Structures are given as C-alpha cells and as structure tokens.
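Read the structure below first, then the notes.
As the structure lists them, so they are numbered: ligands from 1, and atoms in each ligand from 1. From a predicted model like this one, the values you see are computed outputs, not experimental measurements.
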Amino acid sequence: MLKQAKIITVTSVKGGTGKTTTVLNLAGILETRKMKTLIIDLDLYSGGIAVSLNIEVEHDIFELMDDLNRNRFHNLEDYIISYDEYIDVIPAPKDPRLAGKISNKYLQVVYAKAKLKYDCILIDTNHNLNAINLLNLDYSDQILYVITNDPIDLKNMRTMTSIYQDMDKKNYKIILNESTHFKKDYFTPYDIKNMIKDNIDYTIPSSFYIKNIDKYVLDGKILTLDSHIRKKYKKAINHYEKIVQAILKEEK
Ligand SMILES: Nc1ncnc2c1ncn2[C@@H]1O[C@H](COP(=O)(O)OP(=O)(O)O)[C@@H](O)[C@H]1O
Ligand SMILES: [Mg+2]
C-alpha cells in the first residue's frame, strides 16, 4: 500500500514559544516508534532546524522551489538532507535574503511527493501569517499551536481560536508549553482556558525545563532521543508521547 503521511504543522501566535524544540522532540518520539519523518523548515528567515541538528545545508527549500519553478527538478531526494536513519530535513534557505523570493506555487506538489515517502511530515514555522504560512495551514492535516503562559500570547491565541470557530474548523490542537523557563506561572490552566475560550489539549510541564539545553543544541542532539534525558525526564516525555499517539490516530 502506498504511504500517505500526514502533514503536521507546529506553529504559534508569538515568537519563541518552543516550536522548533517541539518539532524536534516529536520527530525523536516518532523515531523511537520506527517511523520515518520529514521535517520541513518553513521558518524561512531564521530557520532553526538545520542548526539545531548540526547538519550541513547542502540544499534548501529555496533551491527546491526554484528548481520546480524552472523545470529543473528531478527527484525530491536530491533536496533532502538526512539527520539519521529515520529523520530527513528540508532546511530553510541557507541565505535568508532568498526567503522572500520563494514562490509558494509548488508547495502542494512538494507535500504530495513527500507524503508517499514518509510516515509523518512535520512543518516548523514562524508565527507570521504570511502567504506561504497561510497556504501551509491549508495543506496541513493537523496544526499544533504552541502557546505559553503570557498575556499577549493568550490574547492573540483567543483571536486565532475565534477565527477557527468562525470557519467551523477544528483541525488544530493547543499545546501549553511551560518548559521554556523555571518559574511559577501567573495564569492557572483555568484562567488560560477562559482567556483563549478553548481547551488546552496538551501541556509540556515545567519539569521538562532543561537548564543546559544549549549543550544539546550545540551537539546537534534531539532531546527525546538522548538516553540521559529520556531517563531523567521520563514523565515529561510522556506528554510528547501522547501528542504523537494522537497524531498517528487522528483521522484526516
Ligand atoms: N525544555 C526546555 N528547556 C529549556 N529551554 C527550552 C526548552 N524548550 C525550549 N527552550 C528554549 O526556549 C527558546 C525558544 O525555543 P524554540 O524551540 O527555539 O522556540 P520557537 O521555535 O518557537 O522560536 C530557546 O532558547 C530554547 O532553547
Ligand atoms: Mg523556531
């Protein structure tokens, strides 16, 4: 049977909420389940996937889209960089000046080709609702919003949930990320639900705050694949397991 991977987008309504870390951690969990994942970095101006994984950007999404546009494209494999046996990457443009020149005309073509080769496609994004990000949301089977305990973030999330409610769409989930800092949060989960007028589907607890996270980034390591982290933060990692379980189960 042909594979038909799901397109899972990780996004937010504010910068720095933990999207890139979430994408990598989910890819790690998928790897532990022997699932092949393609990560596409659509944070075009300041993509963090390739640098977080220490992979050399031999090809990038600009080159891929440009070749499609100019009829020079042959195989998707020619543009893919592999991190390990299970995780492949299409990085953001090596030269960020080219980001604005990416046409979104062939985004769907890329997704259609990738869907046949992977078990899951994870899209990392930024929080700007520009044309390519909007199109990507349209093509996504599931959208994961990573929010933090921050009034501006929560108010903007409310705007977003009301847009979804207006469109009668519910192919998104909300992840409250409490792991980026280690201090007591101001709003309780009850407050947050009231502010965003929606449910919090998953929480990454503050117990997953990793003080020396930068060391892992420098070493190009994925937290959820690291044996020390897996042991020490077993409970917190279960929250990522739950997200992956839901992703794999969710009907299109
Ligand atoms: N579990 C964690 N523990 C400690 N710091 C974290 C954790 N997750 C994310 N961070 C830090 O939070 C910051 C934002 O994370 P990142 O994934 O880059 O967010 P985004 O992609 O939304 O901009 C980074 O500096 C990252 O190292
Ligand atoms: Mg990021």
Side-chain angles (χ1 to χ4, degrees), residues 8-29 37-55 57 60-61 83 87 89-94 96 99 121-130 132-133 136-137 140 143-150 152-154 156-157 160 172-185 202-244:
I8 311 294
T9 287
V10 177
T11 194
S12 65
V13 288
K14 180 182 167 281
T17 60
K19 294 177 290 298
T20 300
T21 313
T22 299
V23 165
L24 296 172
N25 286 339
L26 293 176
I29 303 283
T37 300
L38 174 66
I39 302 176
I40 303 181
D41 194 348
L42 278 195
D43 185 0
L44 299 177
Y45 289 91
S46 52
I49 296 291
V51 283
S52 300
L53 295 177
N54 270 352
I55 53 174
V57 180
D60 61 39
I61 186 134
Y83 171 70
I87 300 173
V89 176
I90 300 180
K94 197 172 176 176
I121 299 165
L122 292 175
I123 316 285
D124 192 14
T125 63
N126 56 38
H127 62 287
N128 302 321
L129 284 179
N130 54 24
I132 197 159
N133 280 347
N136 171 61
L137 292 180
S140 301
I143 301 159
L144 301 173
Y145 279 94
V146 182
I147 63 168
T148 55
N149 200 304
D150 165 276
I152 297 178
D153 198 0
L154 297 170
N156 284 338
M157 192 63 224
M160 215 57 216
Y172 68 95
K173 297 268 189 249
I174 296 175
I175 303 175
L176 173 65
N177 187 8
E178 295 181 330
S179 72
T180 56
H181 57 267
F182 201 78
K183 65 169 173 30
K184 184 120 182 53
D185 282 321
Y202 310 101
T203 301
I204 308 298
S206 58
S207 60
F208 195 59
Y209 171 72
I210 295 162
K211 210 171 144 197
N212 60 342
I213 190 170
D214 293 344
K215 173 183 166 293
Y216 293 89
V217 176
L218 283 176
D219 291 344
K221 283 201 172 147
I222 293 179
L223 299 169
T224 50
L225 285 176
D226 182 83
S227 55
H228 169 73
I229 297 272
R230 288 184 67 80
K231 218 157 119 194
K232 188 165 170 200
Y233 299 93
K234 206 169 171 202
K235 262 189 153 162
I237 286 179
N238 264 332
H239 292 259
Y240 283 111
E241 295 276 1
K242 269 195 212 151
I243 301 174
V244 165

Checklist entry - Considering residues at least two apart in sequence or located in another chain, which fulfil the salt bridge (Lys or Arg N to Asp or Glu O under 4.0 Å) criterion with Asp226? => result Lys221
Item to check | Closest contact, heavy atoms only, Lys19 versus Asn126 | outcome: CE-CA, 4.0 Å
Checklist entry - List by chain and number: which residues place a heavy atom under 4.0 Å from ligand 1? => result Gly16, Thr17, Gly18, Lys19, Thr20, Thr21, Ser179, Thr180, Phe208, Tyr209, Ile210, Ile213
Item to check | For the student: nearest non-hydrogen atoms of Ile204 and Ile175, plus distance | outcome: CG1-CG2, 3.7 Å
Checklist entry - Roughly how far, to the nearest 0.5 Å, is the OH atom of Tyr233 from the CZ atom of Phe208? => result 8.0 Å
Checklist outcome for this item: With a cut-off of 2.8 Å, strictly less than, protein N/O/S atoms near the Mg ion (ligand 2) add up to 1
Checklist outcome for this item: Minimal heavy-atom distance between Asn133 and Leu42, with the atoms involved, is OD1-O, 4.0 Å
Item to check | Side chains of Val89 and Ile55 in contact at under 4.5 Å (non-hydrogen atoms) | outcome: yes
What side-chain donor-acceptor pairs closer than 3.5 Å can you find for residues 21-28, not counting sequence neighbours?
{"from": "Thr22", "atom 1": "OG1", "to": "Gly18", "atom 2": "O", "distance (Å)": "2.7"}
{"from": "Asn25", "atom 1": "ND2", "to": "Thr21", "atom 2": "O", "distance (Å)": "3.3"}
{"from": "Asn25", "atom 1": "ND2", "to": "Tyr240", "atom 2": "OH", "distance (Å)": "3.1"}

Next on the checklist: Out of the candidates Thr17, Asp185, Asp153, only one should pair with Thr148 under the side-chain hydrogen bond (donor to acceptor under 3.5 Å, both in side chains) rule; please name it.
Outcome noted: Asp153
Next on the checklist: Working to the nearest 0.5 angstrom, can you tell me the gap between Thr11 OG1 and Asp124 CG?
Outcome noted: 8.5 Å
